[in-house]
Amino acid sequence: MAMAESPDVILLDLSMPEMDGFEVCSVIKKDDQLKRIPVIVLTALRTDSLSRVKILSLGAEAFLSKPIDRTELVAQVSSMARMKQSEDVVRTEKALLETVVAERTRELSAELAKREKTEHELKALIRELDESREAAFNLTEDLIAENKDRRLAEENVLKLNEDLEKRVLERTAQLDEANKELESFSYSVSHDLQAPLRHINGFADMLASDYKEQLPEEAQHFLDTIMRNAKMMSLLIDGLLDFSRNSRKELEATAFDMGKVVEAARLQIVEMSKKNNISWNVSELLTVNADYNLIMMVWMNLISNAVKYSGERSLAIIDIGCFEIESAVIFYIRDNGIGFDMKYAQNLFGVFQRLHSSKGYEGTGIGLANVRKIIIRHGGKIWAKSEPDKGACFYFSLPKANSLS
């Protein structure tokens, strides 16, 4: 029935003839067609925590013991049904967009190939005309005819080039639109995921507030794990939303003192981290013309990372400064923290990419991806240098057109 009807949620008892709930759940979660359907286990049997852990480890999303509280059951079913339906919509929309992008890419590739072939044929034609002109150099009438043919050929070349350039611009515009649709889709998905997550956080908070003291120690540990992971997922979603907003937000350039931005960001980070074992060395910084809020986000991320990864030092040392090169101004922030291996440096600025364990250092893996996008949108670059246990130094450049004397 599940394969034929593809339900949104499956309610499963543990005690059943022929196959018990453990076996049925195992079969469902191993089947590619069924494994995405949420399973809620209901049982009237007396079950210990090992049975709960076992059924959850098999893939069940929830475990409820009878007698069942109707409100809780309805809330669980509604939340998981919405989650399943949202995932189905996401997969369908993603597959559709990927098909559109692939089709448009193929069309553009075909147009480019056609253009290359045409240009090759035109070059061959021009070479042939040049050879004919040399052979008929002493024949006036032939020379006039050849020049006329050549002018026509050049006109045809110009017309063909104009036509091809127009087509390339059209295809490029279509690809840009497809990319915008994908960014909008990512934003929409991240936004829609917040609703079921709020339900999870809400019910977990109520359980912790009203019943935590009545739960055994192991159950309290499970509840703490649920709440901690829900909080992490909320941070990830917020990070994705920020990442998407930064892609679409128009730049609002104003002139401001970069030193004041750094000081404001530094004071916020120090207040949040409450660390007082830091030696700050901030040099005089140039005035720039850029988007104040986005540049503030850059410094908040870079300073926060420097504080976080040098926190284990008895005295953390953080240097901030800038210098000029021919075409740009380079800003930098250096710390004496744990550093990283440069062979993994290419992963620093990717979404969800982390070089250190989340257990020792909190974070979502989106901050530096946001920083890179902001700097690129300002026409600059960002890079880093480091050695394990010898600190790290992050650099970013802004074109001199963005800096003021």
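Worth knowing before you read on, the calculation uses all heavy atoms, side chains too, and leaves out hydrogens, waters and symmetry mates.
- Other residues, nucleotides and ligands contribute at most 12 non-hydrogen atoms within 6.0 Å of the CD atom of E271.
- Taking the charged nitrogens against the carboxylate oxygens, K390 and D335 have no contact shorter than 4.0 Å, which rules out a salt bridge.
- At least one donor-acceptor pair closer than 3.5 Å links the side chain of S310 to the backbone N or O of A306.
- A donor-acceptor contact shorter than 3.5 Å is absent between the side chain of E61 and the backbone of I40.
- Contact record, V9 with V77: CG2-O, 3.8 Å, taken as the closest heavy-atom pair.
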- Message: Between V270 and W280, is the side-chain contact (heavy atoms from CB on, under 4.5 Å) condition met? List the steps.
- Response: CA-CA 11 Å; V270 169; W280 296 92; 3.7 Å; yes
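- At a threshold of 4.5 Å between non-hydrogen side-chain atoms, the residues F63 and L14 count as touching.
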- Where do I269 and M300 land on the side-chain contact (heavy atoms from CB on, under 4.5 Å) test, with the steps shown first? CA-CA 7 Å; I269 298 300; M300 287 289 290; 3.8 Å; yes
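- Using the six-membered ring where Trp is involved, Y395 and W383 have ring planes that are parallel, under 30° apart on the 30 and 60° scheme.
- With rounding to the nearest 0.5 angstrom, the CD1 atom of I382 is 9.5 Å from the CD1 atom of I374.
- Remark: the backbone N or O of D291 is not paired with any side-chain donor or acceptor of E252 at under 3.5 angstrom.
- Annotation: side chain of V329 is not in contact with side chain of V288 (no heavy-atom distance under 4.5 Å).
- Rounding to the nearest 0.5 angstrom, the gap separating the CZ atom in F396 from the CD1 atom in I330 is 9.5 Å.
- A salt bridge links R150 with E154: the closest approach of a Lys/Arg side-chain nitrogen to an acidic carboxylate oxygen falls below 4.0 angstrom.
- The minimum heavy-atom distance linking M80 with A62 is given by the pair CE-CB, 3.5 Å.
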- Message: Test salt bridge (Lys or Arg N to Asp or Glu O under 4.0 Å) on K159 and D163; report intermediate values, then the result.
- Response: CA-CA 6 Å; K159 289 179 180 179; D163 182 57; over 6 Å; no
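- For K385, the salt bridge (Lys or Arg N to Asp or Glu O under 4.0 Å) test picks out no residue, with sequence neighbours left out.
- Note that the CD atom of E263 and the CG atom of L285 stand 10.5 Å from one another [nearest 0.5 Å].
- The shortest distance between side-chain heavy atoms of D31 and M3 falls below 4.5 Å.
- Side-chain contact between K30 and L34: absent, with no pair of heavy atoms (C-beta onward) separated by less than 4.5 Å.
- Closest of all the heavy-atom pairs between N336 and A316 is OD1-CA, 3.6 Å.
- Remark: R106 engages E103 in a salt bridge, criterion side-chain N to carboxylate O under 4.0 Å.
- Of the possible polar contacts, none joining the R334 side chain to the D319 backbone as a donor-acceptor pair under 3.5 Å is found.
- Between H378 and P399, the shortest heavy-atom contact is O-CD, 3.5 Å.
- With sequence neighbours excluded, no residue forms a salt bridge (Lys or Arg N to Asp or Glu O under 4.0 Å) with K54.
- Side-chain atoms of D8 do not come within 3.5 Å of backbone N or O of I37 as any donor-acceptor pair.
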- Message: Please evaluate residues E107 and R167 with respect to the criterion salt bridge (Lys or Arg N to Asp or Glu O under 4.0 Å), reporting the C-alpha separation (whole Å), side-chain torsions for both, the decisive distance (0.1 Å), and the verdict.
- Response: CA-CA 10 Å; E107 290 176 356; R167 292 184 181 182; over 6 Å; no
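- The distance from the SG atom of C393 to the OH atom of Y332 is 7.5 Å, given to the nearest 0.5 Å.
- Looking at heavy atoms from C-beta onward, N305 lies in side-chain contact with L368 at the 4.5 angstrom threshold.
- Side-chain contact between V261 and D257 is absent, with no heavy-atom pair separated by less than 4.5 Å.
- Between K117 and the choices H120, E121, E119, the side chain to side chain contact (heavy atoms under 4.5 Å, CB included) rule is met once, by E121.
- Atoms OH and OG, from Y309 and S386 in turn, are 11.5 Å apart once rounded to the nearest 0.5 Å.
- Heavy-atom contacts from other residues, nucleotides or ligands closer than 6.0 Å to CD of E128 number 12 or fewer.
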- Given the rule in the side-chain contact (heavy atoms from CB on, under 4.5 Å) test, do V101 and R104 qualify, once you have shown the distances and angles that lead to the verdict? CA-CA 5 Å; V101 171; R104 291 179 179 174; 5.9 Å; no
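- Geometrically, R266 does not engage W299 in a cation-pi contact defined by less than 6.0 Å to the ring centre and at most 45° from the axis.
- When the shell of 6.0 Å around CE of M206 is examined, it contains more than 12 heavy atoms from other residues, nucleotides or ligands.
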- So N281 and I320, side-chain contact (heavy atoms from CB on, under 4.5 Å) or not? Walk me through it. CA-CA 6 Å; N281 303 308; I320 299 175; over 6 Å; no
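- The distance from the CG atom of D13 to the CG atom of D20 is 10.0 Å, given to the nearest 0.5 Å.
- For NZ of K29, the number of neighbouring non-hydrogen atoms (other residues, nucleotides, ligands) closer than 6.0 Å is greater than 12.
- In this structure, F22 and I55 have side chains that are in contact, with non-hydrogen atoms separated by less than 4.5 Å.
- When atom types are taken as modelled, the side chain of S79 and the backbone of A75 share no donor-acceptor pair closer than 3.5 angstrom.
- When every heavy atom of A290 is checked against every heavy atom of I295, the shortest pair comes out as CB-CG1, 3.8 Å.
- In this structure, L398 and M258 approach most closely via the heavy-atom pair CD1-CE, 4.1 Å.
- Looking at heavy atoms from C-beta onward, D341 lies in side-chain contact with K343 at the 4.5 angstrom threshold.
- Ion pairing of R115 with E111 is absent here, as no side-chain N (NZ or NE/NH1/NH2) approaches a carboxylate O to less than 4.0 Å.
- Side-chain atoms of N301 come within 3.5 Å of backbone N or O of M297 as a donor-acceptor pair.
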